[in-house]
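First comes the structure, then the notes that go with it.
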Amino acid sequence: GARPCSPKYFGRDAMVCVCNATYCDTLDPVVLPALGTYVKYESSKAGKRLERSEGSFQRSLHAPDVVLTVDTTQRYQKVKGFGGSITDAAAINILSLPATAQDHLLRSYFSEEGLEYNLVRLPMASCDFSLHAYTYDDVPFDYELAHFSLRDEDTKLK
């Protein structure tokens with residue numbers, strides 16, 4: 001499934017795969033498995049990098065400490081999609097990359113060859129990943145939002 005990683009090491013046990021202007025690792029498009037089976041992608045410190053494996057669900061399995069029962073007739077919620085957050089820090093980091101690396105990175109999140117994100121969360125005003133604290137309207141009791149205005153972080157970063 002995965003293209004080879006372009007590793008960068010940080011100390012003895014820390015490694016990340018580098019996405020840059022010339023290369024970014026991706027996955028082959030994920031095809032839904034047959035009913036009763038699953039596909040698993042596993043990464044580990046031992047060297048696995050999005051290693052693909054397949055398996056099938058068993059109707060009954062006796063494991064001493066694990067009991068997992070799935071009632072496929074009972075539906076509790078729907079998944080609308082998957083995604084991430086574009087904080088000020090994320091935007092600053094993305095915009096610090098060369099244009100081709102930005103393209104590789106965003107494709108790795110949103111394209112069919114990537115994670116296929118379809119949702120993005122934006123914080124309202126500043127958050128713990130902002131360079132400084134800011135709001136959109138600091139005037140007390142301004143219920144009409146007459147003093148509301150976006151900040152440079154919103155128009156230039158996000």
Side-chain angles (χ1 to χ4, degrees), residues 1-10 13-59 61 63 65-136 150-158:
R3 288 188 192 170
C5 174
S6 176
K8 182 173 183 177
Y9 295 92
F10 297 91
D13 292 332
M15 186 272 295
V16 297
C17 292
V18 176
C19 179
N20 57 37
T22 58
Y23 176 81
C24 201
D25 55 326
T26 61
L27 287 174
D28 294 333
V30 177
V31 177
L32 290 177
L35 191 62
T37 65
Y38 64 87
V39 173
K40 174 179 74 171
Y41 290 89
E42 184 178 359
S43 297
S44 71
K45 282 187 176 182
K48 291 183 180 180
R49 169 71 181 70
L50 294 172
E51 185 177 292
R52 185 181 191 276
S53 62
E54 299 177 16
S56 59
F57 294 104
Q58 298 175 8
R59 289 266 176 224
L61 173 67
D65 297 331
V66 178
V67 176
L68 176 64
T69 304
V70 178
D71 181 354
T72 59
T73 65
Q74 191 74 313
R75 304 284 175 156
Y76 294 101
Q77 63 189 30
K78 292 182 180 181
V79 175
K80 292 187 179 209
F82 294 92
S85 180
I86 302 294
T87 61
D88 295 355
I92 288 167
N93 283 308
I94 293 169
L95 292 171
S96 73
L97 299 171
T100 50
Q102 288 179 33
D103 184 61
H104 281 286
L105 178 64
L106 294 175
R107 286 180 185 279
S108 74
Y109 283 121
F110 297 102
S111 75
E112 287 184 2
E113 297 82 33
L115 298 172
E116 296 188 72
Y117 278 6
N118 61 343
L119 297 173
V120 174
R121 179 181 65 82
L122 293 171
M124 296 293 291
S126 66
C127 71
D128 52 346
F129 293 107
S130 297
L131 295 176
H132 59 93
Y134 61 92
T135 68
Y136 293 139
L150 294 175
R151 301 293 296 257
D152 284 344
E153 288 82 358
D154 300 296
T155 57
K156 293 180 180 174
L157 296 179
K158 296 178 276 192

Heavy atoms from other residues, nucleotides or ligands near CD of E112 exceed 12 (cutoff 6.0 Å): no
Minimum heavy-atom distance I86-A91, with the two atoms named: CG2-CB, 4.3 Å
Spacing of K40 atom NZ and E51 atom CD [to the nearest 0.5 Å]: 8.5 Å
Nearest heavy-atom neighbours spanning Q102 and I94: CG-O, 3.1 Å
Any donor-acceptor N/O pair, T87 side chain to A90 backbone, under 3.5 Å: yes
Pairwise side-chain contact, D154 with Y136, heavy-atom cut-off 4.5 Å (strictly under): yes
Contact list for residues 68-97, test salt bridge (Lys or Arg N to Asp or Glu O under 4.0 Å), sequence neighbours left out: D88-K158
Residue list, ring pair (Phe, Tyr, Trp, His ring centres under 6.0 Å) with F110, at least two apart or on another chain: none
Interatomic distance, N93 atom CG to F129 atom CZ [nearest 0.5 angstrom]: 11.0 Å
Interatomic spacing from NZ in K156 to CG in L95 - rounded to 0.5 Å: 12.0 Å
Neighbour count above 12 (heavy atom, 6.0 Å) for L32 CG: no
Heavy-atom neighbours of R151 CZ exceed 12 at 6.0 Å: yes
Atom pair CG/OG1 of L35 and T37 - distance to nearest 0.5 Å: 7.5 Å
Non-neighbouring partners of Y134 that pass ring pair (Phe, Tyr, Trp, His ring centres under 6.0 Å), sequence neighbours left out: H132
